[in-house]
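Read through the structure below, which is laid out as structure tokens, and then see the notes.
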Amino acid sequence: MNETETDARFMAAAIALGRRGLGLTSPNPAVGALIVKDGVILARGWTKPGGRPHAETEALRAAGERARGATIYVTLEPCSHHGATPPCAEAIVEAGVARVVYALCDPDPRVAGRGHKILADAGLEVTKGVLAGEARRANLGHILRVSNRRPMVALKLALTADGYAAGGSHDPRLAITGAYANGLVHVLRSLHDAIMVGGGTVAADDPLLNVRLPGLESRKPLRVALDSDLRLSSASRLAATAEAHPTLIIAGEGASESLASRLREKKIEIAHVRRDPARRIDLAAALEHLGERGVTRVFSEGGPRVASSLIAQGLADEVMIFSAAKSLGRAGLAGLDPRALAALCDPTRYVKVEQRQIGEDRLTRYERVL
């Protein structure tokens with residue numbers, strides 16, 4: 001195995017390791033690091049909850065003196081700025097590491113090549129760009145927050161075999177997907193900083209939007225409802241559980257202050273953003289607000305209207321459609337409108353990257369072209 005193949009192998013392992021921090025490290029990225037010598041992994045690290053310590057610091061601490069003369073594989077350029085801890089680039093130099101391999105330059109202006117320069121100026125061999133595409137996807141929330149002032153958005157939608165997300169306006173709530181797909185959705189919730197839905201979904205389904213899997217009870221992503229006119233019932237399950245689970249309602253400018261006060265009494269946070277021409281929440285503005293508060297990864301379960309708008313506006317970075325085996329068999333609420341379907345079918349905008357069975361349901365996953 002040549003050096004290029006070896007670097008790719010260890011970087012893939014570092015990227016997988018970094019995913020352990022997804023949903024836990026914001027506003028910092030979830031980074032993975034491996035320290036390797038003579039083809040043997042000596043130590044590993046990943047960004048810890050809250051964003052500190054960094055992955056490199058953890059790996060160096062675990063390796064100790066064994067790091068001297070070794071290679072460190074890192075999924076993102078080592079940081080160069082002084083914050084709560086000294087820069088990781090300086091820690092790598094002081095540890096006596098001989099070679100640094102990283103996947104992706106950090107667009108954060110506090111780093112942006114400075115980490116690379118510290119390492120190179122100290123005489124370390126530095127290789128960048130190994131599995132850059134894979135690392136970009138893994139760190140997309142951080143990249144978009146720094147570059148586009150918004151978090152990444154993973155969109156989930158459950159549809160009947162004939163493409164409906166719900167029955168008629170007076171039908172009871174549909175249970176579309178089975179137990180395996182539902183379990184996967186809870187895992188996906190745990191990997192994001194926030195779970196976002198539209199006000200229509202809240203009114204129709206009265207969801208809890210929490211993580212309900214054994215062993216993951218401590219995961220409490222921010223629950224976000226897009227409710228332009230603050231119509232959320234104070235008797236809803238979101239309101240009833242807001243004291244135990246952080247809950248944010250994003251309302252439109254000019255929404256009633258008296259309604260906002262009523263919801264704040266339930267320990268719900270209220271934010272106001274601009275409206276779109278239809279007087280609904282401007283989705284770009286809502287995501288910008290989440291980015292400003294440090295959210296890097298959003299899991300949207302917002303229903304057909306929000307889903308269609310996110311896709312059509314290019315704000316959905318990943319789209320996961322769970323299709324049931326059974327059809328509704330009558331007219332219902334279409335899962336996606338023609339604009340969104342056209343966008344998903346446009347190879348310049350979205351690419352289908354995966355299709356597999358999850359129990360009796362089929363998962364089709366798309367990624368936005370970057």
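The structure displayed is predicted, hence computed values, not measured ones.
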Test side chain to side chain contact (heavy atoms under 4.5 Å, CB included) on L315 and L287 and set out the steps.
CA-CA 9 Å; L315 296 173; L287 293 176; 4.1 Å; yes
Between T127 and Y102, is a side chain to side chain contact (heavy atoms under 4.5 Å, CB included) present by the stated rule, with each step listed?
CA-CA 6 Å; T127 301; Y102 68 90; over 6 Å; no
Please lay out, stage by stage, how E367 and R137 fare under the test salt bridge (Lys or Arg N to Asp or Glu O under 4.0 Å).
CA-CA 9 Å; E367 290 179 347; R137 286 291 176 186; 3.3 Å; yes
Salt bridge (Lys or Arg N to Asp or Glu O under 4.0 Å) between K156 and E301: does it pass, once the steps are laid out?
CA-CA 5 Å; K156 166 258 174 181; E301 300 184 58; 3.6 Å; yes
H142 vs L76, side chain to side chain contact (heavy atoms under 4.5 Å, CB included): CA-CA, chis, key distance, verdict
CA-CA 11 Å; H142 168 69; L76 193 66; 4.0 Å; yes
Apply side chain to side chain contact (heavy atoms under 4.5 Å, CB included) to residues R339 and S309 and explain how you reach the verdict.
CA-CA 8 Å; R339 295 179 308 147; S309 296; 4.0 Å; yes
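Distance check: Q357 CD to S323 OG gives 9.5 Å after rounding to the nearest 0.5 Å. Distance NE2/H245 to CD/E243: 11.5 Å, rounded to 0.5 Å. R44 contributes atom CZ, which lies 4.5 Å from atom CZ of R20 (distance to the nearest 0.5 angstrom). For the atom pair T296 OG1 and H192 NE2, the distance stands at 9.0 Å (nearest 0.5 Å). Taken from CD1 in I118 to CD1 in I92, the straight-line distance is 10.0 Å, to the nearest 0.5 Å. Once rounded to the nearest 0.5 Å, the distance linking CG of L263 with CG of D227 reads 7.5 Å.
Across all non-hydrogen atoms, the minimal contact from Y164 to A334 is CD2-N, 3.7 Å. Closest heavy-atom contact between G21 and A30: C-CB, 3.8 Å. The minimum heavy-atom distance linking A161 with A324 is given by the pair CB-O, 3.4 Å. Residues C79 and V111 share a closest heavy-atom pair of CA-CG2, 4.0 Å. Closest approach of L333 to P304, counting heavy atoms only: CD2-CG, 3.7 Å. Closest approach of A89 to G115, counting heavy atoms only: CB-O, 3.9 Å.
The shortest side-chain heavy-atom distance between I143 and L104 falls under the 4.5 Å cut-off. Within the 4.5 Å cutoff, the side chain of F10 has heavy atoms near those of the I41 side chain. Put simply, the side chain of L24 does not reach to within 4.5 Å of the side chain of L191, judged on heavy atoms. The shortest distance between side-chain heavy atoms of L209 and M196 does not fall below 4.5 Å. Residues C88 and L60 form no side-chain contact, since every pair of their non-hydrogen atoms from C-beta on lies 4.5 Å or further apart. Between V273 and E253, the closest side-chain pair of non-hydrogen atoms is not below 4.5 Å.
When atom types are taken as modelled, the side chain of D106 and the backbone of D108 share a donor-acceptor pair closer than 3.5 angstrom. T47 places a side-chain N or O within donor-acceptor distance of the main-chain N or O of V31, the cut-off being under 3.5 Å. With S261 contributing its side chain and E257 its backbone, the two residues share a donor-acceptor pair below 3.5 Å. The closest donor-acceptor contact from the side chain of R66 to the backbone of A63 lies under 3.5 Å. The backbone N or O of A135 lies less than 3.5 Å from a partner atom in the side chain of N139, making a donor-acceptor pair. Put simply, the side chain of D205 never gets that close to the backbone of P207: no donor and acceptor are under 3.5 Å apart. The backbone N or O of I15 lies less than 3.5 Å from no partner atom in the side chain of T75, so there is not a single donor-acceptor pair. Without hydrogens or angle criteria, D282 side chain to A285 main chain gives a donor-acceptor distance under 3.5 Å. D361 contributes a side-chain N or O that, together with a main-chain N or O of G178, makes up a donor-acceptor pair within less than 3.5 Å.
A salt bridge does not link R262 with E265: every distance from a Lys NZ or Arg NE/NH1/NH2 to an Asp or Glu carboxylate oxygen is 4.0 Å or more. No salt bridge links R68 with E94; every basic N to acidic carboxylate O contact stays at or beyond 4.0 Å. Between R365 and E318 there is a salt bridge, with a side-chain nitrogen of the basic residue lying less than 4.0 Å from a carboxylate oxygen of the acidic one. A salt bridge links R356 with E354; the closest basic N to acidic carboxylate O contact falls under 4.0 Å. At a threshold of 4.0 Å, the pair R149-E288 counts as salt-bridged, since one of the basic side-chain nitrogens sits closer than that to a carboxylate oxygen. One finds a salt bridge joining R99 and D7 here, because a Lys/Arg side-chain nitrogen approaches an Asp/Glu carboxylate oxygen to under 4.0 Å. Between R275 and D229 a salt bridge is recorded (basic side-chain N to carboxylate O distance below 4.0 Å). By the 4.0 Å N-to-carboxylate-O rule, D317 lies close enough to R368 to be salt-bridged with it.
Looking at R114 and H116, their side chains never bring a donor and an acceptor atom within 3.5 Å of each other. In the model, D206 has no side-chain atom that pairs as donor or acceptor with a side-chain atom of S236 under 3.5 Å.
Around the CZ atom of R279, the shell of radius 6.0 Å holds no more than 12 heavy atoms that belong to other residues, nucleotides or ligands. Within a 6.0 Å sphere centred on NZ of K48, heavy atoms belonging to other residues, nucleotides or ligands number more than 12. For CZ of R293, the number of neighbouring non-hydrogen atoms (other residues, nucleotides, ligands) closer than 6.0 Å is greater than 12. Taking a 6.0 Å sphere around CG of D121, one finds it holds more than 12 heavy atoms contributed by other residues, nucleotides or ligands. Applying the 6.0 Å contact sphere to CD of Q355 captures more than 12 heavy atoms from other residues, nucleotides or ligands.
Ring pair Y350/Y366: centre-to-centre distance not below 6.0 Å.
Each of V197, T241, L248 was checked for a side chain to side chain contact (heavy atoms under 4.5 Å, CB included) with R223, and the lone residue meeting it is T241.
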